[in-house]
Amino acid sequence: MRSVVLSNGLSLPALGLGTWQVTDREQMRGLVKAAYDAGYRLFDTAAAYGNEIALGRAIALSGIPREDICLSDKVWNTNRGFDAVQSACRRSLKKLKTDYLDVYLIHWPASPKLHADWEDLNAQTWRGMEALYREGLVRAIGVCNFTPRHLQALRRTAQILPMIDQIEFHPGMPQAQTAAYCAQNGIALEASSPLGNGQILQNETLLSLAAQTGRTPAQVALRWALQKNAVVLPKTTNPARLKENMDLFDFTLSDAQMRLLDELPFCGGLAIDPDEVTEFG
Ligand code: A2P
């Protein structure tokens with residue numbers, strides 16, 4: 001499996017399993033075992049997904065050695081601030097039955113639209129993230145859904161720069177400014193909802209590139225994100241698709257094919273505006 005190396009030297013698999021919307025314990029158990037057997041070594045969750053206990057249990061019951069996998073988690077919006085983020089992380093560690101996370105991320109920025117003190121709020125939460133990192137409870141720290149505006153503001157007070165920005169990233173939603181900012185500042189991009197929550201797969205350009213390459217539309221979309229150096233986190237509960245979504249490392253999209261996908265207009269996905277997200281989501 002190809003790796004992406006973070007600014008602190010930590011290597012992450014370039015492909016991991018997204019677990020949003022998987023909450024049933026038995027389903028999680030089967031999924032984690034099937035994913036591990038298929039070669040997945042990065043599992044991405046969030047406190048807000050409500051499945052940390054199910055994921056921790058599934059890893060333990062599958063007998064997966066902790067050091068064999070990377071676990072990534074996110075702090076929810078109700079736990080902003082220096083103390084709250086540290087308590088939230090400790091609660092998540094308990095639920096996941098582990099004593100460290102490989103990756104810990106702020107799920108959404110506090111936004112200027114909803115918080116008069118958004119810069120300070122993000123700065124204090126980040127200070128808590130830095131403390132967790134220094135303590136060794138988390139091996140890498142980062143953010144999700146931060147745009148250059150949020151990242152630039154954070155830089156003013158951060159002692160450690162975010163190592164990751166996880167954003168919705170797929171053909172039709174290339175978030176070019178954020179991707180460019182991350183590339184220029186040594187921040188690894190992670191692609192959440194890399195299939196646009198499954199909504200982009202009927203797009204004609206994707207279908208035509210799938211026919212040209214002998215791959216599926218999902219594989220073409222995931223390969224596009226990989227070639228943009230993103231860590232891709234597709235979610236599926238279907239064992240055949242788990243394998244399909246991993247089978248990306250023996251073909252390449254040409255520059256012309258990449259450009260076609262770069263230029264695709266929005267064709268499905270969540271497209272949530274980070275400046276509109278509240279405590280409730
Ligand atoms: P399912 O879990 O039934 O496979 P995203 O990763 O962008 O959030 O997309 C997830 C959605 O895409 C889920 O509805 C998932 O459904 C579907 N999906 C995942 N992989 C594939 C695939 N290879 N082909 C078609 N649909 C897929």
Side-chain angles (χ1 to χ4, degrees), residues 1 12-46 48-51 54-55 58 72-74 103 105 107-108 144-145 164-175 178-179 189-211 213-228 230-251 253 261 264 266-272 274 277 281:
M1 163 83 64
L12 287 182
L15 183 113
L17 183 70
T19 64
W20 183 45
Q21 293 173 324
V22 183
T23 48
D24 180 82
R25 285 187 179 197
E26 286 317 304
Q27 186 179 38
M28 182 69 92
R29 188 172 173 193
L31 176 63
V32 164
K33 171 90 172 67
Y36 184 77
D37 290 345
Y40 287 76
R41 293 293 180 270
L42 168 61
F43 295 87
D44 179 80
T45 185
Y49 298 172
N51 63 13
L55 178 58
S72 175
D73 203 351
K74 313 181 189 85
V103 173
L105 306 171
H107 205 146
W108 291 95
C144 306
N145 304 300
I164 292 171
D165 192 2
Q166 184 181 125
I167 60 172
E168 181 174 351
F169 186 69
H170 51 76
M173 200 163 163
Q175 304 222 44
T178 302
L189 202 68
E190 286 192 338
S192 70
S193 299
L195 305 173
N197 203 28
Q199 294 166 26
I200 64 171
L201 301 174
Q202 297 306 317
N203 175 268
E204 279 182 15
T205 305
L206 268 183
L207 287 166
S208 130
L209 291 176
T213 54
R215 299 291 171 143
T216 65
Q219 287 173 326
V220 171
L222 296 173
R223 181 72 207 181
W224 173 86
L226 275 183
Q227 286 182 219
K228 297 265 175 196
V231 173
V232 291
L233 300 167
K235 174 250 156 186
T236 181
T237 49
N238 174 315
R241 288 177 179 164
L242 275 177
K243 292 203 177 74
E244 176 186 332
N245 293 351
M246 267 226 122
D247 190 12
L248 306 172
F249 298 95
D250 60 349
F251 78 109
L253 296 171
L261 293 174
L264 212 63
F266 183 76
C267 55
L270 304 168
I272 299 167
V277 173

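Read the numbers this way: they start at 1 and go in the same order the structure lists the ligands and their atoms.
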Could you identify the single nearest non-hydrogen protein atom to [atom] and state the distance to 0.1 Å?
{"atom": "atom 10 (C) of ligand 1", "answer": "Lys235 O, 3.3 Å"}
{"atom": "atom 12 (O) of ligand 1", "answer": "Gly198 CA, 3.4 Å"}
{"atom": "atom 14 (O) of ligand 1", "answer": "Asn197 O, 4.3 Å"}
{"atom": "atom 2 (O) of ligand 1", "answer": "Thr237 N, 3.0 Å"}
{"atom": "atom 20 (N) of ligand 1", "answer": "Asn245 ND2, 3.0 Å"}
{"atom": "atom 4 (O) of ligand 1", "answer": "Thr236 OG1, 2.5 Å"}

message: Heavy-atom contact check, 4.0 Å cutoff: does Gly18 meet ligand 1?
response: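 Contact absent.
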
message: Would Thr216 count as a contact residue for ligand 1, given that I'm defining contact as a non-hydrogen atom of the residue lying under 4.0 Å from a ligand atom?
response: no

Main chain of [Y], side chain of [X]: is a donor-acceptor contact present, judged purely on distance under 3.5 Å?
{"X": "Asn145", "Y": "His107", "answer": "yes"}
{"X": "Arg223", "Y": "Leu248", "answer": "yes"}
{"X": "Gln27", "Y": "Asp24", "answer": "no"}
{"X": "Lys74", "Y": "Thr45", "answer": "yes"}

- prompt: Is it the side chain, the backbone, both or neither of Ser192 that has a heavy atom closer than 4.0 Å to ligand 1?
  reply: neither

Contact check: [X] vs ligand 1, nitrogen or oxygen atoms, below 3.5 angstrom:
{"X": "Gly196", "result": "yes"}
{"X": "Arg241", "result": "yes"}
{"X": "Leu195", "result": "yes"}
{"X": "Ala218", "result": "no"}

Which distance, rounded to the nearest 0.5 Å, do you find between the [atom1] of [X] and the [atom2] of [Y]?
{"X": "Ser192", "Y": "Phe169", "atom1": "OG", "atom2": "CZ", "value": "11.0 Å"}
{"X": "Thr23", "Y": "Tyr49", "atom1": "OG1", "atom2": "OH", "value": "13.0 Å"}
{"X": "Arg41", "Y": "Tyr36", "atom1": "CZ", "atom2": "OH", "value": "4.0 Å"}

- prompt: Against heavy atoms of Pro234, which atoms of ligand 1 measure under 4.0 Å?
  reply: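 The list of qualifying atoms is 6 (O).
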
- request: Would you mind listing which atoms of ligand 1 come within a distance below 4.0 Å of any non-hydrogen atom of Pro194?
  value: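 Per the distance check, 6 (O), 7 (O).
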
query: How are the rings of Phe266 and His170 set to each other: parallel, tilted or perpendicular (split at 30° and 60°)?
result: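 Ring orientation of Phe266 relative to His170: tilted.
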
- prompt: Between Gln166 and Asp44, is a side-chain hydrogen bond (donor to acceptor under 3.5 Å, both in side chains) present by the stated rule, with each step listed?
  reply: CA-CA 11 Å; Gln166 184 181 125; Asp44 179 80; 3.2 Å; yes

- prompt: Taking it one step at a time, do Asp247 and Lys243 satisfy salt bridge (Lys or Arg N to Asp or Glu O under 4.0 Å)?
  reply: CA-CA 6 Å; Asp247 190 12; Lys243 292 203 177 74; over 6 Å; no

